[in-house]
Every structure is written in structure tokens, then in C-alpha cells.
Amino acid sequence: MTTPDVTVVVAVYNTMPYLTECLNSLVGQSIGLDRLEVVAVDDGSTDDSGRELDRFAEKYPNTVKVIHQANSGGPAAPSNRALELATGRYVYFIGSDDYLGKEALARMVACADEHGSDVVVGKMVGTNGRYVHQALFKKSDPDVSLYDSALPFTLANTKLFRRELVEKHKLRFPEDLPVGSDQPFTLEACVRAAKISVLADYTYYYAVKRGDASNITYRANHLSRLRCTERIMHFAASLIEAGPQRDAVLKRHFTWELAKLVQDDFPALDAVTRTEICAGIAKLADEYFTDALRDAMDVKRRVRICLARRGAVEELVRAIEDEAEHGSPPLLLEDGRAFVRYRGFRDPSLGLPDRAYEVIGEAVPGRLAENTSLVAAEWDQHGDDMAVDLTVRLGLAGETGSAVVRLATKAMPKSADKPGARRLPVGHELPATVGEFTRKPTEDGEGTLLTARIPVKAKSAKLGVRVYADVAGSTYEIPVPVRGRPLPLARRWRERVPYRISANANPKGRLVITTAPLWEPSLGVGKRLRQLMSRVKRKLTR
């Protein structure tokens, strides 16, 4: 019997009816049954999973091998048992509730053979609301580094591994790790690999979130996840010496596993559990949270890790509750730097450095847009001259002298037309400021009230109301959301050629000023009247 190209390992426990689609996606692979081996281990299933495995083994006796065993409590033991039976040149792991694209195995094996890859990562997507980190899959790359890519954020074992590498280093799954047992295996394989390849040209893997969210990752409690993360981080540190490479890997655990322990559900935990979580994070931070790693994190997660490290449990609870209720705190601009005023900022009892609250090399478009809103809009007409008076609350305090309001004649680029603001490219030149502006702090001191009187020209135009502000060395364009504020009634101005001006919220809820002549100047009197009557008729029939 010829050696199969790839052995697919399937650890199974109570995953019907998802298991059927998983197995069909394997036996239907374009690589062909003669080049494929499936080793499925039934880990004591109590539903019909075992019978379904036997049905496939009977139907595909030369391809599907099934082992039944008593429940071990997780996927590690059945995966290890399957590895002992694997004969393929490569081994691939799939969750028994997930499925593959038809050409997945053929494409990955071809890539590994062509490039001499020890590990091949095919593009994964989530289904039914399952989250899958996508940064790694922006483009295909035959040779990626574990330390200079998004690979540390994709440490699931759902990859193609050269079995020679697995056996040479005796790579196995820790059977006493309830959550994340695939991470040590994947991490060591990537550390030992001579070459790692990423394929982003095809959807290789579909990760399914079950309707009852019974995937093991979703079931584990906070303290269990903390203990497992601690084990994984210590293991990573045993493989990689202290320095930038270790920081690059451990950044994943601080920004993902540990940060998820202090999310919106943290305040609802009992006091003892909250204290234990903060103590566990503090222990890991004391050992691994270098200044470089801290500065590489986004400010929201960084602050929460720092508060937990200080044991400031109540401050952390209030910080999470404040953000859930009121949104992201405003920014303070000072000496060319920007700080997010989360709980504990410059609190002498905590002694956290300003650096913990600083926006460092981080775009803040969502934060800026969230804290910007319309306060008032009015028309200011003097004879034939028309202007719009605007008052906008800006979520910036401190040195906001650069902030101005403009009426933008062009829509934002589609690539940037999102709920957040837009970070303008370096060297982008803005048109000259038109109008009168005043700035003053808000009564609560948490922002800036920006008032503007901007002339409006008599022409057909749709003008977006935007704020432009310099924040930490970058210029941002911030569309102004209406957020339910009353808008002035449309008004007619000018006599010889009457114009209409109106203020509306566009489909994205942003303020837009529209001007247009009531009729075209070139039209005769009769045509003007007919045009006007037509408009009146349309309004009456709406």
C-alpha cells in the first residue's frame, strides 16, 4: 500500500450533526481518496457521533480509520492517539464540527512540496458568528516568520504539518490542559520549522460556531482559562529566550487571552474571582510584560492589564463599566502626545505611568468619531449671503488649537467611509480654512466645543460637515454625526435666482448640508413655473 500524502486527524466528541459535513468535506477532497488517510478518534461520544464515524469507515474502508475510546475530557488525548497511527507524509488537524474547502488539502500539500515547508497555514474563515483572526491572510507568502507576522494570533493546530518534523521533535498535545492544548504543539512546530508558508488565495478551512455555543473554548470559565494561559505562556518562554522574539509571541496572550478575562463580563464575577484573575495577570505581567511589549499594545487593553497588575480591582471594574455605559473616554492632547483618560489616569494612589494611557503609534479613528457629535446647527442669512452656524462637541481636550470645521465637497473614499474617522496620509494638504471659529472647553472639561460660522456659496452642492484635528502627529478627518439633534428647517435665499439650503443626516447618520437652485437660471418663466409646480406636486403625493 502506498504512503498517503496527508493524514487528517479528527478528534470527535458529541458533534452531530456537524460531524457529517466535516467527514463529507474530507472524503470529497480533490486530492483523491488514494492520497488521503483519515484517522478519527471517538472520545466517548454519547450522541450518534460514534455510529456516524463507523458508517464512514464502512463506506471508505481504505481511507477512514476509526478508534473508539473512553472520554478523556478534551481533544488532546484523542489527537495524540491518532498521531500514533498516522502514516501520511503530512498531518492535518480539523475540528469535528468544522469543514474544508474542496481543494484545501491538494493545494496545501502542493505548496509544502514546492517550497519545502514544514508548516502550511491555509486561509480560515468563521461561520455562524465564529471569530477567526484574519490579519495573517492578507496575502499568500511561502516563507513567513513567527516573530514578524500575525502568526502568533493564529496558533490553532488547523494547519498542515510535515510529519517528519512532528516525530523528530516528538510533538504531542498536553493532555492535562483543558483549554488551548493545541497551542503548545503549534507553537513548538513553528519554532522548530525551517519554513512556514501561508496560503490566502482560497478558503481552506471553515470554522463553525455551534448553535448552542458548546465548543470547548466557549465553555471554559475565567479561572480555568487563566491557568491554561499561564501554562502556555511559560511553555512559550521555555522555547524562546527573552527579547523581541518572545515579546512578539507573548503579545498575543496579553492582548487576547488575558485581555479577554477583563472584558465586559468581568464586573459581574464574584469578588474573589475578580481578585484571583487580577493576581494571576499581575504574576504574568511581572514576569513577561516588558516596556516594549506594553508599548506595542493598544491603549484600551494596555490600561486594563496595568490596572490588574496594580491590583486595582475596583478601578478596573469602574473602567469597564464606564466604557460600557458611556463609550470610550475622550483624549487629552498635551505636548504633542495624546492620552486616553481611562480610570486611574494620573491617580497618585496607583502611580501608573502616563505611558500606560498614551496613544502610541496607534490609529484612533473609531475613538475620535465616537466622541464627536453635533450640538447645534443654524442658518445665518444676511441679504443674499448665507452661512451655516455650527457647534460641534469634539472628544479632545487640552491643546486643540488645530481643530477646525470644514464643509467638504467630496465624499470620503469608500475605503475610509466607515463609522470611524479617517487618518489622512502624511503630506496630505487641506484647503485653506474658511469661516470664523472659536474653541472652548466643555463644562465637564472632557472635551472641546468648536463653533464655526462658515459661508455657503450659491451653487448645487452636497457638503459634508467634517472636523479636522491633529492628534499625536497625525491629522484626522472626522465626519460629524447628528445623533438625533434637531436640524434647522430648509430655507430659501437669494432673489434673482432663489436657492434652497437644507441640513440632513445621510444614511450613515452624518450631517450633510445641501444647496441647490430652485430652478435653473437658463429656463424661461413658463418652464420655471412648470418645474416649480412639478416639485410641489411630488411633495403632495408623497
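Predicted model only: the values in this text are computed from it and were never measured.
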Visitor: Please name the pair of heavy atoms, one in Pro517 and one in Val497, separated by the smallest distance, quoted to 0.1 Å.
Guide: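 Result for this residue pair: CB-CG1, 4.3 Å.
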Visitor: Please report the interatomic distance CG(Leu100) to OG1(Thr203), rounded to the nearest 0.5 Å.
Guide: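 Atom-to-atom, Leu100:CG and Thr203:OG1 are 11.5 Å apart.
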Visitor: Assess whether side-chain contact (heavy atoms from CB on, under 4.5 Å) is satisfied between Asp98 and Tyr18, documenting all intermediate values.
Guide: CA-CA 7 Å; Asp98 303 331; Tyr18 305 96; over 6 Å; no
Visitor: Go through the steps to decide whether Leu199 and Lys123 satisfy the test side-chain contact (heavy atoms from CB on, under 4.5 Å), and finish with yes or no.
Guide: CA-CA 6 Å; Leu199 292 173; Lys123 180 180 178 180; over 6 Å; no
Visitor: Kindly compute the distance separating CD (Glu323) from CD (Gln263), expressed to the nearest 0.5 Å.
Guide: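 Glu323 atom CD to Gln263 atom CD measures 11.0 Å (nearest 0.5 Å).
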Visitor: So, Arg341 and Glu446, do they make that salt bridge, N to O below 4.0 Å?
Guide: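 A salt bridge is present here (some side-chain N lies under 4.0 Å from a carboxylate O).
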Visitor: Under a 4.0 Å N-O cut-off, is there an ion pair linking Glu334 with Arg337?
Guide: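 A salt bridge is absent here (no side-chain N lies under 4.0 Å from a carboxylate O).
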Visitor: Using a 4.5 Å cut-off on heavy atoms from C-beta on, say whether the side chain of Phe137 contacts that of Val198.
Guide: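 In short, these two side chains touch, coming nearer than 4.5 Å.
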Visitor: Mark yes or no for whether Thr515, through its side chain, and Ile501, through its backbone, hold a donor-acceptor pair below 3.5 Å.
Guide: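 Not a single qualifying donor-acceptor pair exists.
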Visitor: Which pair of heavy atoms, one from Arg393 and one from Gly447, lies closest together, and at what distance?
Guide: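 Minimum heavy-atom contact is NH2-N, 4.2 Å.
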Visitor: So, do Glu436 and Thr438 sit near enough that their side-chain heavy atoms are less than 4.5 Å apart?
Guide: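 A side-chain contact under 4.5 Å is absent here.
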Visitor: With rounding to the nearest 0.5 angstrom, report the CG to NE2 distance, Asp270 to His222.
Guide: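 Separation between the atoms: 10.5 Å.
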Visitor: Is it the case that the side chain of Lys159 and the backbone of Thr186 share a donor-acceptor pair, with hydrogens and angles ignored and the cut-off at 3.5 Å?
Guide: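 No; judged by distance alone, with no hydrogens or angles, the pair does not exist.
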Visitor: Do you know the tightest heavy-atom contact between Ala403 and Leu394?
Guide: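 Nearest pair, atom of Ala403 first, then Leu394: CB-CD2, 3.7 Å.
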Visitor: Are any side-chain N or O atoms of Ser402 and backbone N or O atoms of Ala469, one a donor and one an acceptor, separated by less than 3.5 Å?
Guide: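 Pair absent, no side-chain N/O of Ser402 close to backbone of Ala469.
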Visitor: Among side-chain atoms of Ser373 and Arg483, is any donor-acceptor pair under 3.5 angstrom?
Guide: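 Arg483 and Ser373 do not have a side-chain donor-acceptor pair below 3.5 Å.
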Visitor: Within the structure provided, determine whether Leu511 and Leu390 are in side-chain contact (heavy-atom separation under 4.5 Å).
Guide: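 Yes - at least one pair of side-chain heavy atoms lies under 4.5 Å apart.
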Visitor: Measure across Ile281 and Ile305 and return the closest heavy-atom pair with its distance rounded to 0.1 Å.
Guide: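 That closest heavy-atom pairing would be CG2-CD1, 4.0 Å.
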Visitor: Is it the case that the side chain of Arg310 and the backbone of Gly351 share a donor-acceptor pair, with hydrogens and angles ignored and the cut-off at 3.5 Å?
Guide: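 Indeed, once roles are kept as given, a pair shorter than 3.5 Å links the two residues.
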Visitor: Please answer whether the main-chain N or O of Ala356 pairs with a side-chain N or O of Arg302 as donor and acceptor at a distance below 3.5 Å.
Guide: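 At least one qualifying donor-acceptor pair exists.
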Visitor: Taking NZ, NE, NH1 and NH2 as the nitrogens, is one of them in Arg318 or Glu315 under 4.0 Å from a carboxylate oxygen of the other?
Guide: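 Glu315 and Arg318: salt-bridged.
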Visitor: Applying salt bridge (charged side-chain N to carboxylate O under 4.0 Å, His left out) between Glu477 and each of Arg423, Arg466, Arg406, report the one that passes.
Guide: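 Answer after filtering Arg423, Arg466, Arg406: Arg466.
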Visitor: Is there a donor in the side chain of His253 and an acceptor in the side chain of Gln183, or the other way round, less than 3.5 Å apart?
Guide: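 A pair is found: one side chain offers a donor N or O, the other an acceptor, under 3.5 Å apart.
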Visitor: For residues Leu146 and Pro152, determine if any side-chain heavy atom of one lies less than 4.5 Å from a side-chain heavy atom of the other.
Guide: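 In contact.
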Visitor: Starting at CG of Leu463, measure out to OG1 of Thr514 and round the result to the nearest 0.5 Å.
Guide: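 If we round to the nearest 0.5 Å, Leu463:CG and Thr514:OG1 are 7.5 Å apart.
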Visitor: Within 45 degrees of the ring normal and closer than 6.0 Å to the centroid, is that where the cationic atom of Arg107 sits relative to Tyr202?
Guide: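 Yes, Arg107 and Tyr202 form such a contact.
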Visitor: Quick check: do Phe254 and Arg301 have side-chain heavy atoms less than 4.5 Å from each other?
Guide: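 Answer no - side chains too far apart.
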Visitor: Using the side-chain contact (heavy atoms from CB on, under 4.5 Å) definition, which of the options Ile94, Asp97, Val208 pairs with Cys22?
Guide: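 Result for side-chain contact (heavy atoms from CB on, under 4.5 Å) with Cys22: Ile94.
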Visitor: If you look at every heavy atom in Ser328 and Glu370, which pair is closest and at what distance?
Guide: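 Heavy atoms only, the tightest pair is N-OE2, 2.5 Å.
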Visitor: Taking side chain as C-beta onward, heavy atoms only, is Val121 less than 4.5 Å from Val144?
Guide: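 Heavy-atom side-chain distance check fails, nothing below 4.5 Å.
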Visitor: What do the steps show when you test Glu257 against Ile232 for side-chain contact (heavy atoms from CB on, under 4.5 Å), and what is the final call?
Guide: CA-CA 10 Å; Glu257 282 89 354; Ile232 293 166; 5.7 Å; no
Visitor: The test is side-chain contact (heavy atoms from CB on, under 4.5 Å); show your working for Leu350 and Leu307 and say whether it passes.
Guide: CA-CA 8 Å; Leu350 294 176; Leu307 288 172; 3.9 Å; yes
Visitor: Could you report the tightest heavy-atom contact between Tyr499 and Ser460, atom names first, then the distance?
Guide: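 In this case the closest contact between Tyr499 and Ser460 is CE2-N, 4.4 Å.
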Visitor: Quick check on the 6.0 Å ring-centre criterion: do Tyr99 and Tyr206 meet it?
Guide: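 Under 6.0 Å, so yes.
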Visitor: Specify whether Tyr357 and Tyr342 have parallel, tilted or perpendicular ring planes, treating 30° as the upper limit for parallel and 60° as the lower limit for perpendicular.
Guide: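 Answer is tilted, since the angle falls between 30° and 60°.
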Visitor: Please determine if Arg346 forms a cation-pi arrangement with Phe339, meaning its NZ or CZ atom is less than 6.0 Å from the six-membered ring centre and no more than 45° off the ring axis.
Guide: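 Yes.
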Visitor: Between Trp493 (side chain) and Asp384 (backbone), is there a donor-acceptor pair under 3.5 Å?
Guide: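 Such a contact is found between Trp493 side chain and Asp384 backbone.
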Visitor: Can you measure from CG (Leu352) to CG (Asp347) and round to the nearest 0.5 angstrom?
Guide: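 Rounded to the nearest 0.5 Å, the CG-CG separation comes to 8.0 Å.
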Visitor: Has Thr448 got a side-chain atom pairing as donor or acceptor with Leu450's backbone, closer than 3.5 angstrom?
Guide: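 Answer holds: no.
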Visitor: Could you tell me the separation between the CG atom of Asn221 and the OG1 atom of Thr273, rounded to the nearest 0.5 Å?
Guide: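 Separation between the atoms: 8.0 Å.
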Visitor: With a distance cut-off below 6.0 Å to the six-membered ring centre and an angular limit of 45° from the axis, does Arg246 pair with Tyr288 as a cation-pi contact?
Guide: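 No, cation not above the ring by the 6.0 Å, 45° rule.
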Visitor: Counting only N and O atoms by type, is there a donor-acceptor contact under 3.5 Å from the side chain of Arg304 to the main-chain atoms of Leu316?
Guide: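 No; zero donor-acceptor contacts below 3.5 Å.
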Visitor: Looking at Gln134 and Val132, would you say the former's side chain and the latter's main chain have a donor-acceptor pair under 3.5 Å?
Guide: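 Yes, the answer is positive, given that a donor and an acceptor are paired below the 3.5 Å cut-off.
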Visitor: Does a salt bridge link Glu276 with Arg227, judged by any charged N lying under 4.0 Å from a carboxylate O?
Guide: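 Salt bridge flag = yes for Arg227 with Glu276.
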Visitor: Report yes or no: does Arg485 contribute a side-chain atom to a donor-acceptor pair with the main-chain N or O of Leu374 at less than 3.5 Å?
Guide: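 Yes, because the side chain of Arg485 sits within donor-acceptor range (under 3.5 Å) of the backbone of Leu374.
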Visitor: Checking Thr400 against Arg439 for the side chain to side chain donor-acceptor pair (under 3.5 Å) test, could you report, in this order, the C-alpha distance in whole Å, the side-chain angles of both residues, the deciding distance, and whether it holds?
Guide: CA-CA 8 Å; Thr400 60; Arg439 305 171 188 84; 5.4 Å; no
Visitor: Counting only heavy atoms not in Asp286 (residues, nucleotides, ligands), do more than 12 fall under 6.0 Å from its CG?
Guide: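 Enclosed: over 12 neighbouring heavy atoms sit under 6.0 Å from CG of Asp286.
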Visitor: Is there a salt bridge (Lys or Arg N to Asp or Glu O under 4.0 Å) between Glu358 and Arg355 once you walk through the steps?
Guide: CA-CA 5 Å; Glu358 186 175 359; Arg355 190 74 165 171; 3.3 Å; yes
Visitor: Measure the shortest side-chain to side-chain distance between Asn24 and Glu21 over non-hydrogen atoms and say whether it is less than 4.5 angstrom.
Guide: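 A side-chain contact is absent here, since even the closest heavy-atom pair is not under 4.5 Å.
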Visitor: Is there a side-chain contact between Lys462 and Asn506 in this structure, where contact means two heavy atoms from C-beta onward sitting under 4.5 Å apart?
Guide: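 No - every pair of side-chain heavy atoms lies 4.5 Å or more apart.
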